[in-house]
Amino acid sequence: MDTISYKEPATDVGTAFPIGNGRLGAMVFGGVDSQVITLNEESLWSSPFIDRVNRSCRKDFPKIKGLYSEGRDREAKELIKESVASVPARPASYRSAGKFHIDFFSSADRSPLSGNQNSILVYERTLDMETGIASEDISIESPKDSTAIFSQNASLAGGSSVSYSRDAFVSAEDDVITIHIGASLPRTIFLRAGFESDDQTRTVFSLDDDTVVLERTDGIPMCAMAMACTTGGTCRVKGGSLIVEGADDVTIYIDIETAYRSGHYRRRGGDVSRSEKSLATSAADKALKKLCFAQTKPYLSVRDDHASRFSRKYRRLSLILSDKTAEADWKLYRYKLLSSFNVPGTLPPLAAGLWADGTQHLPDGPVYNMADLYTTPSLKYGLEKSYAALDRYLKAFRKRSYRCAKAMFQDDGSLAYSTGDIWGDSAPSAEDTDLFAPTGAVYIALSLKDYYDYTLDRKFLKKHFRLLTGPCEFFASFQPPRPWDAKENALLRRLFEAAWEAAAVLNITGKHPDIHAYLAGLPPADDKLVEDGEGQLSPTDSIIRGRMTKGKLEIELLAGEKLPASGGQFPISGRQSLITGELKGLHLPGNLRADVTWEGGSPKGGRIYAKPNCLNYAKSIVLTYGGKSYPAEIQTGSIDILNILPSTV
């Protein structure tokens, strides 16, 4: 079982436990007397769509080019600040949904649960990455044997201690955050719980004796709702807090809904006639419906169903390394990836996943980085349906990027800069150091082609082909004030190659001769320059990696590359060298999978194979090992790696 355990509560987000289902996320900090859980929902951003494009650019761009050509760089840069830079400087940013705070007591007189530190017999919190459940186990000895309610109950069992268990997870099936508190003795659970938010536009109120609501109307209107279900004891609401006294066990269900979930609101970019209060109320109606459905099921049924579903996905891919620290880092990396891309997510996650801890202050919250939307890591790790989370985003992005190219430069095609938001914003941002190297749309296009290479989904490629040709149209006519540097040239070459190969797959090369003509005029490029801009490389790249080239799969085995240091798409320690280990179930381009066993940098076994009953996969491969290439054909859906390599290896 893959777990992470601590003997004390978390003090920061680095040691808190992340849980998520792709749409909802939470960070569980733990604690004896109190528990803090930060809440997230993928569509909760700081504002509706704002058209930030500076339309002065179209008029002043020729003058800016002239100033650069005359060597008057300082004047050109000043004019850029006035005519190109967007207002506001940054797109909308991702926000935390607030916090859910639970205080635990030993009895109705509100004395702290632990009493004093000597009364804590056991405290341990654990994240089970195989099931996606964060749990706490606490054993408390009463400092007041004669008066504490739980001690009176404990005396019936011949002791003066009680054990508590707390579980938290985000169910994909019920699409709610679930928190369960259990106790070893009856009538020993006393707590007060409620939402916390520093935002001045919040409203907290009760809906019933077991339900509290947080509504927020700034930015994208939202609602967070918590419903408590108890066995034994009493539950009531005072102010904005749930009060539970003398319960045997308690289950709290939490849902977060936003106005973005309304199709009309989303399509209009938030420009609707309804008031923010009305939109937040509609979100509350959706949340209440979900919570009512969730609480009709027995808790054990909800937990077991969640654990079973999550475990099936987690076990699709496994990695065993002799370096257990590197192995643990990789497992946490994949767990976060799985929790951020999981169904029912409908938007791409941020670079750090679903979780924002609420410490970022607007307008400096996290935004989408186009290079981080490059989805190769999710594909490698068996999340083939991860592009379902991008589909809604791509519709908005295509519309905004085409309009941005026309408004800024009067050019055809699509244009995007380095950062964006859920509205598909394509305008320049404060982070853009060079306002005339708009490569955001290029990374989106390359990720689309990458997705096709992994899945060979021709229908998908046809649906999104215009997002591949859009940046080609723009860069074929765009004349920057300065020549492209080596990295930009490499990126553009990769873009035009991807578009031409996609056109060949769809048998429509005759309709796009301009792509081939422009490609022929680009200088040869170093692919390494492009890969450096694609975010964090997968930790499995040093073991096996593949790339589709003209319908043939090129596989590099045990290259032994050192990975970048911590950072990139998800937090991970990248200092991993080739060591003894075993990798099973890695997804390769060409709709193939790979198992590899190696020792000291030498292959000891493994195979490259297609999933059972799969007919659409790359049959021609070239395996590179030790600097030499060995071609092979997969005839029956599987081939042994050692049969490809010569016996002398």
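Keep in mind that this is a model prediction, so the values were computed, not measured. Heads up: numbering here begins at 1 and tracks the sequence.
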Those residues at least two apart in sequence (or on a different chain) that pass salt bridge (charged side-chain N to carboxylate O under 4.0 Å, His left out) with R466 are none
SB check D425 R400 (cutoff 4.0 Å) | no
dist K449:NZ -> Y454:OH (nearest 0.5 Å) comes out at 11.5 Å
Output yes when a side-chain donor or acceptor of W423 lies under 3.5 Å from a complementary backbone atom of S47, and no otherwise.
-> yes
Heavy-atom count around K619 NZ within 6.0 Å, excluding the residue itself: above 12?
-> yes
Sequence-distant partners of F310, ring pair (Phe, Tyr, Trp, His ring centres under 6.0 Å), two or more places apart | H306, Y335
Basic-acidic side-chain contact under 4.0 Å: D174, K290 = no
Spacing of CG belonging to L446 relative to CG belonging to L495, to within rounding of 0.5 Å = 6.0 Å
Can N21 and D175 be said to form a side-chain hydrogen bond (donor to acceptor under 3.5 Å, both in side chains), step by step?
-> CA-CA 7 Å; N21 72 344; D175 198 18; 2.9 Å; yes
In chain order, what residues pass the salt bridge (charged side-chain N to carboxylate O under 4.0 Å, His left out) check against R309, with sequence neighbours excluded?
-> E173, D305
Mark yes or no: R58 above the aromatic ring of F409, with NZ or CZ under 6.0 Å from the six-membered ring centre and no more than 45 degrees from the axis.
-> no
Quick one: is the NZ or CZ of R266 closer than 6.0 Å to the six-membered ring centre of Y260, and within 45° of its axis?
-> yes
W500 side, atom CH2; T469 side, atom OG1 - distance, nearest 0.5 Å = 13.0 Å
